Asker: 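Let me give you the structure first, and then I'll get to my questions.
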Amino acid sequence: MNMHDVRARPARGAQPLIRLNDFGVVTPPALGAWTPSRTVSVVVPVHRGRTLALTLASLAAQSYPSHLMEVVVVDDGAEPPLRLPEIVPERTRVVRSRPGGWGRAWACQSGADVAEGEVIHWLDADMVLFREQVEAQMRWHHLADYLTVLGTLKMVAAWDAGLTPAEVHAAVSAGTTEKLFEDALGDGEGNVTDTWSSEYIGRTAGLREAGFEAFKVHVGASASLPASLLRRAGGMDTSLVLAEDTELGYRLAQVGAVFVADEESRSRHLGASTVMRREQEVKRHNWVFLANRVPTFRWLRKPTVRQWAVPYVEVVVEAGKASYEQVRATVDGFLRGSIADLRIAVVGPWSSLPEERRAPLDDPTVDLRLVHELYAHDGRVNLVESVPESPFPAPFRFVCPPGWVPAVDCLHRLVRLADDNGYGLVSLALAERGGSGTDGVVAARLERTAAFGRARLLAERGGGPDLEDLVEATFGTQWLDGETWGLLPMERAVEKPATKAAAKARQWKRRAQRWKRRTARLQAMLDRTPARRVRRVLGRAVRKALTVAGIRRSRRSRSRGGSRPG
């Protein structure tokens, strides 16, 4: 069977409904006790191919059917150019990275672009696989089309420098891969160590309890995913030369992926990783790039007033027939809120505004013109005529009708509520249109990109047409009262809600500065004072502080029988 024909098959049937990242609703078959049918392309990026022959030898001994597996070795500028060794899988080829770029992400995407399999399996060129490694991951891909499967990877500090591809192939075929690395340093199991992600995977029941953070441990040294899912997420970010795995994992989560850690998909990494050898330097480098691209890493986004490449929340305000005052009240309310890394889309017919002579004050489009003039040059506001169905890669979208003003912390509280409870959709009931309410409820809504991404994927595969029902089944939804959560009509909203907060912050800052000056004066006094006097002064100060705090009572209180505090 031609692998191109297999990949061209139409989308498969209805998919299992997995809530958050708890994939326990699907059970993979036992290894060796099932019949595979899906094709896989193992993509191996290579810049220095010192251990490539060992990796390919272990791939040649895999239990997964050889006619369903191809290996694409991507030459990322190796010198001399790569040539295949003697022991390789049946369907193995070498391709050069596309012109115009370099690095692992570029090479991986170059391989994925020419791969023919339904599933892409990333693999580094310094790995030795156990016999069932590929099979263990592929059995999950026969159960659902939105799984990203991670293998169990351990690091080998040292190995026999004379180890040959033939020895690797024989050991993997016989199921004795572990013996290849025993006693290489004379210290037995101490030569093999877990990766940094192993503890997190164990603590979260193999990622079933990881919720929205499962993507953090997405490591491409041994991971697989449907080719269609990779395309849905936009492929690798080829502008990155480090941190590309984590960034791709984030985007996969936003399109609805579930992350599975499979204990039976085992492999050994030859030597310590760059993270293990140069951890602090890697963090210093990667955190800047991840902060720009992964808004859910809140601790990386400081100071909070900075604008980033990917916003945390996209706010959508439909200008339509609303007044200038209504649109301004809503947009300005979000701009001065406690979440600064947002982007606001103000939707209106901007390109159709007439340019001919008109009476400015009687112009029926005057409100739209005023809105355009007010926000055309604000970096956080986009004047658009429509918005796409998803704010991807931003993790949240908040849709708010004009004329409603959020409290400073309104959006922050809603996002925190959604995260704490796993909600994919939080709706705020604001008011009824008309006296009888027959025209429906005016509402605002917070949409989680990952939830709606998964709902769309499921709907395309026969899960039903109602996205909100699918969001409810996989993430959960909630209705709340808008006023209770700080979203008020502009007539009742407190003017300049951020002013009080800013004033309070300035007040505390002034107090801190006063205490800092006082501390400096006291330190100078202590430096000039004899030790005996210091003890006496400090004793009085401590007694006074205890009395003020209510911990020490006065003599008079005790003489009247006052009890000691508990």
Side-chain angles (χ1 to χ4, degrees), residues 16-25 146 208-215 253-258 295-296 298 311-318 330 333-334 337-339 342 344-345 387 389-392 394-433 437 439-459 463-489 493:
L17 299 181
I18 298 175
R19 191 171 183 87
L20 298 180
N21 205 70
D22 187 1
F23 51 85
V25 296
Y146 58 101
R208 285 181 56 184
E209 300 172 0
F212 308 119
E213 296 188 335
F215 77 88
Q254 301 316 304
V255 297
V258 169
T296 55
R298 306 305 293 156
Y312 189 42
V313 183
E314 178 196 71
V315 177
V316 177
V317 180
E318 185 80 41
T330 301
F334 286 106
S338 58
I339 292 182
L342 51 74
I344 301 177
V387 293
E389 65 176 7
S390 170
F392 175 88
F396 293 100
R397 169 182 279 170
F398 189 78
V399 182
C400 185
W404 296 83
V405 181
V408 173
D409 62 347
C410 171
L411 203 51
H412 172 76
R413 291 171 61 208
L414 288 170
V415 169
R416 186 170 61 184
L417 173 79
D419 280 345
D420 289 346
N421 295 277
Y423 296 141
L425 172 64
V426 177
S427 301
L428 298 181
L430 303 179
E432 291 186 348
R433 291 194 181 98
D439 291 331
V441 174
V442 178
R445 48 194 279 145
L446 177 71
E447 301 174 355
R448 184 183 296 278
T449 305
F452 279 83
R454 188 177 302 175
R456 291 186 185 95
L457 188 151
L458 292 169
D466 195 317
L467 291 183
E468 290 190 19
D469 286 347
L470 293 171
V471 170
E472 167 63 31
T474 55
F475 285 78
T477 63
Q478 180 64 277
W479 272 92
L480 301 170
D481 173 63
E483 182 171 344
T484 302
W485 285 82
L487 196 58
L488 299 174

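In this text, all values refer to a predicted model and were calculated from it rather than measured experimentally.
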Asker: Testing the basics here: between Cys400 and Ala444, what is the closest heavy-atom pair and its distance to 0.1 Å?
Answerer: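 Residues Cys400 and Ala444, closest heavy atoms: CA-CB, 4.2 Å.
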Asker: List the steps, then state whether side chain to side chain contact (heavy atoms under 4.5 Å, CB included) holds for Leu342 with Phe398.
Answerer: CA-CA 10 Å; Leu342 51 74; Phe398 189 78; over 6 Å; no
Asker: Looking at residues at least two apart in the chain, or sitting in another chain, which of them share a salt bridge (Lys or Arg N to Asp or Glu O under 4.0 Å) with Arg416?
Answerer: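 None.
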Asker: May I ask you to test the Leu17-Arg19 pair for a side-chain heavy-atom distance under 4.5 Å?
Answerer: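 Of all side-chain heavy-atom pairs linking Arg19 with Leu17, none is under 4.5 Å.
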Asker: Residues in salt bridge (Lys or Arg N to Asp or Glu O under 4.0 Å) with Glu213, at least two apart?
Answerer: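 For Glu213 the salt bridge (Lys or Arg N to Asp or Glu O under 4.0 Å) partners, ignoring immediate neighbours, are Lys216.
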Asker: Looking at Ala394, is its backbone amide N or carbonyl O close enough to the side chain of Thr449 to form a donor-acceptor pair, meaning the two atoms are under 3.5 Å apart?
Answerer: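 Present.
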Asker: In Å and rounded to the nearest 0.5 Å, what is the CZ to CG distance from Arg397 to Leu446?
Answerer: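 So the gap between those two atoms works out to 11.5 Å.
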Asker: Parallel under 30°, tilted from 30 to 60°, perpendicular over 60°: which one fits the rings of Phe212 and Phe475?
Answerer: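 Aromatic pair Phe212/Phe475 classed parallel.
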Asker: Is a donor on one side and an acceptor on the other found under 3.5 Å between the side chain of Ser338 and the backbone of Val408?
Answerer: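 Confirmed, Ser338 side chain pairs with Val408 backbone.
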Asker: Using every non-hydrogen atom in the two residues, find where Val442 and Pro401 come nearest and quote the distance to one decimal.
Answerer: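 Scanning both residues completely, I find the closest heavy atoms to be CG1-CG, 3.8 Å.
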Asker: Check Gly424 against Ala451 and note the closest heavy-atom contact, atom names and distance.
Answerer: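 Gly424 and Ala451 have their closest heavy atoms at CA-CB, 3.5 Å.
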Asker: Carefully, step by step, assess Phe396 and Leu411 under the rule side chain to side chain contact (heavy atoms under 4.5 Å, CB included).
Answerer: CA-CA 10 Å; Phe396 293 100; Leu411 203 51; over 6 Å; no
Asker: Of all heavy-atom pairs between Leu20 and Val258, which one has the smallest distance, and what is that distance?
Answerer: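 Scanning both residues, the minimum pair turns out to be O-CG2, 3.9 Å.
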Asker: Is there side-chain contact between Leu487 and Leu430, with at least one heavy-atom pair below 4.5 Å?
Answerer: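 A side-chain contact under 4.5 Å exists here.
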Asker: Measure across Leu467 and Ala459 and return the closest heavy-atom pair with its distance rounded to 0.1 Å.
Answerer: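 What the structure gives for the nearest pair is CD2-CB, 4.1 Å.
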Asker: Given the ring of Tyr312, does Arg298 sit roughly above its face, with NZ or CZ under 6.0 Å from the centre of the six-membered ring and within 45° of the axis?
Answerer: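 Verdict for Tyr312: a cation-pi partner in Arg298.
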Asker: Enumerate the side-chain hydrogen bond (donor to acceptor under 3.5 Å, both in side chains) contacts for residues 418-427, please, sequence neighbours excluded, ordered by first and then second residue.
Answerer: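 For residues 418-427, and leaving out neighbouring residues, the side-chain hydrogen bond (donor to acceptor under 3.5 Å, both in side chains) pairs sorted by first residue read Asp419-Arg448, Tyr423-Gln478.
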Asker: If you round to the nearest 0.5 Å, how far is OG1 of Thr474 from CG of Asp469?
Answerer: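 So the gap between those two atoms works out to 10.5 Å.
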Asker: Please give me the minimum heavy-atom distance between Ala257 and Arg454, naming the atom from each residue.
Answerer: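 The answer is O-NH2, 3.4 Å.
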Asker: Compare all side-chain heavy atoms of Val255 with those of Leu457 and state whether any distance is below 4.5 angstrom.
Answerer: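 No; the side chains remain at least 4.5 Å from each other.
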Asker: For the atom pair CD (Glu447) and CD (Glu468), what is the distance rounded to the nearest 0.5 Å?
Answerer: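 Reported to 0.5 Å precision, the distance equals 8.0 Å.
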Asker: Test side chain to side chain contact (heavy atoms under 4.5 Å, CB included) on Val426 and Trp485; report intermediate values, then the result.
Answerer: CA-CA 11 Å; Val426 177; Trp485 285 82; over 6 Å; no
Asker: Test Leu428 against Leu414 for side chain to side chain contact (heavy atoms under 4.5 Å, CB included), laying out the working first.
Answerer: CA-CA 10 Å; Leu428 298 181; Leu414 288 170; 3.7 Å; yes
